[in-house]
Amino acid sequence: MNGIDKAGSNGVGPLEGVLDRLRLLRPALAPAAARIADFIIANADNVVNMSVTEVAEGARASEGSVVGLCQQLGARGFQQLKLALARDLVRPVQFIHEDLTRDDDTSAVIEKIFRSGMQALQDTLKVLDTHAVNRAVQAILQARRVELYGIGSAAPIAEDANYRLLRIGIESKVIVDSHVQAISASLAGPDVAVITISHSGSTHETVTATRLAKEAGATAICITNFGKSPLLAHADIVLHTMARETQFRTEAMTSRIAQLAIIDALIAKLALLTYDRAVDTIGRTFEVLSTKRF
């Protein structure tokens, strides 16, 4: 492959030297791939915080072409390329948290982490559409059942949302295995509301499950970060977070705080609209759960 190895694509080691690989491969690329390479090289600092859709639009190419170039470079997909690119561009400490430094003492670490979380909540409040929240609530109330999809760091958020829905008497199930997601989504119908949680909106498994559910007639509610992403093409209702954690960090931090706040708002509104049932179900489930405590 023009002298470019595929280290990192099979778990042997991390993908390194992305920009050097791009420059080396550039002369042999087809026109669309060359435009993508040029765009990434010229906008490397921004690409680490962009979605595959935004890169494709910036390079005047398709999302498939972006993924194809990533694979030519030895990455499994666009997300791995972004992480490798970030690794080349930033100090290692930024993989933990952008604002931290190696010399920070405990009080500084605590303050920075808490301020980052509070900022994510404030920013999310600014972009969260009240009309979209109302539409999501109505879709959930009208559904026979709710399905929740999440992969990786989004999985515990989906599991928490499922627990909260069950506590107020709404039939739901959470699916965090990608194969089961695809099967269940393909069997959904107009009486099903699907809630997909994905910070990037680019996770292949959850995008696929959401697409399958929507094609089966389900209402697709998506909780994802503000910006363009492949997930939006399959969403009926979008609830935006505004968290900047994906610029360098490999796992969600502030994004989870914002996602949980949206879930809290949905549950609170649902409980108020089904007040008697919610109170009764909470009471009955509290009695059941009390047997689990000393």
Side-chain angles (χ1 to χ4, degrees), residues 117 120-121 124-125 127-130 132-178 180-182 184-185 188 191-201 203 205-210 212-214 218-226 229 231-232 234-243 245 251-275 277-279 281-282 285-286 288-289:
L121 290 175
T124 296
L125 185 59
V127 300
L128 187 58
D129 186 343
T130 302
V133 172
N134 284 330
R135 289 179 60 210
V137 166
Q138 290 305 315
I140 293 169
L141 290 176
Q142 293 168 11
R144 180 173 59 85
R145 78 169 186 273
V146 178
E147 294 189 0
L148 296 117
Y149 304 150
I151 292 289
S153 60
I157 308 300
E159 290 173 337
D160 179 76
N162 178 63
Y163 174 82
R164 303 285 302 284
L165 287 169
L166 290 172
R167 286 296 310 272
I168 62 171
I170 293 177
E171 183 178 344
S172 67
K173 66 176 181 178
V174 59
I175 308 170
V176 296
D177 177 89
S178 62
V180 181
Q181 279 182 4
S184 188
D191 58 351
V192 175
V194 167
I195 301 177
T196 300
I197 302 168
S198 174
H199 177 77
S200 69
T203 305
E205 293 88 348
T206 45
V207 171
T208 298
T210 306
L212 290 171
K214 185 174 173 63
T219 300
I221 304 165
C222 298
I223 300 176
T224 188
N225 208 47
F226 188 83
S229 69
L231 184 63
L232 300 185
H234 312 296
D236 294 302
I237 303 167
V238 182
L239 305 178
H240 279 126
T241 59
M242 180 67 87
E245 64 85 19
E251 291 295 333
M253 289 185 182
T254 56
S255 64
R256 286 182 288 189
I257 295 173
Q259 290 163 354
L260 285 169
I262 289 178
I263 295 297
D264 277 352
L266 281 176
I267 296 298
K269 185 63 178 178
L270 286 164
L272 290 173
L273 291 176
T274 60
Y275 187 83
R277 183 183 70 179
V279 170
T281 306
I282 290 171
T285 55
F286 180 81
V288 171
L289 291 175

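Here the side chains of T285 and L166 are not in contact, with every heavy-atom distance at 4.5 Å or above. Between I197 and Y149, the closest side-chain pair of non-hydrogen atoms is not below 4.5 Å. You'll find the side chain of L148 reaches within 4.5 Å of the side chain of L165, heavy atoms only. Inter-residue side-chain proximity for S198 and V207 is flagged as unmet; no heavy-atom pair is nearer than 4.5 Å. Two residues are said to be in side-chain contact when any heavy atoms from C-beta on lie closer than 4.5 Å; I168 and R277 fail this criterion. Taking the side chain as every heavy atom from C-beta outward, T219 and V194 never approach each other to under 4.5 Å. Counting only heavy atoms from C-beta outward, the side chains of I157 and L260 approach each other to under 4.5 Å. Counting only heavy atoms from C-beta outward, the side chains of I140 and Q138 never approach each other to under 4.5 Å.
Contact record, A139 with A193: O-CB, 3.9 Å, taken as the closest heavy-atom pair. Looking at every heavy atom in both residues, H240 comes nearest to L128 through O-CD1, 3.9 Å. The nearest pair of heavy atoms linking A155 to V176 is CB-CG1, 3.6 Å. In terms of heavy-atom proximity, A185 sits nearest to A209 at CB-O, 3.2 Å. The two atoms that bring A235 and C222 nearest to each other are CB-SG, 3.5 Å, heavy atoms only. When all heavy atoms of A143 and V192 are compared, the closest pair comes out as CB-C, 4.2 Å.
For the atom pair D177 CG and E205 CD, the distance stands at 9.5 Å (nearest 0.5 Å). In this structure, CD on Q259 lies 7.0 Å from OG on S153, to the nearest 0.5 angstrom. Put simply, CG on L231 and CD1 on I223 are 10.5 Å apart, with the number rounded to the nearest 0.5 Å. Of the inter-residue distances, the one linking L239 atom CG with L266 atom CG reads 6.0 Å to the nearest 0.5 angstrom. The OG1 atom of T196 sits 11.5 Å away from atom CD1 of I237, with the distance rounded to the nearest 0.5 Å. Taking CZ of R145 as the reference point, atom CD1 of I170 lies at 14.5 Å (rounded to 0.5 Å).
Checked by atom type and distance alone, the side chain of T206 pairs as donor or acceptor with a backbone atom of T203 at under 3.5 Å. One N or O on the side chain of T124 and one on the backbone of A120 form a donor-acceptor pair closer than 3.5 Å. A donor-acceptor pair under 3.5 Å is formed between the side chain of N162 and the backbone N or O of K173. Of the possible polar contacts, one joining the T224 side chain to the H199 backbone as a donor-acceptor pair under 3.5 Å is found.
Residues passing the salt bridge (charged side-chain N to carboxylate O under 4.0 Å, His left out) test with D264, sequence neighbours excluded: R164. D236 pairs by the salt bridge (charged side-chain N to carboxylate O under 4.0 Å, His left out) definition with K214, not counting sequence neighbours.
Between the side chains of E147 and S184, at least one donor N or O sits under 3.5 Å from an acceptor N or O.
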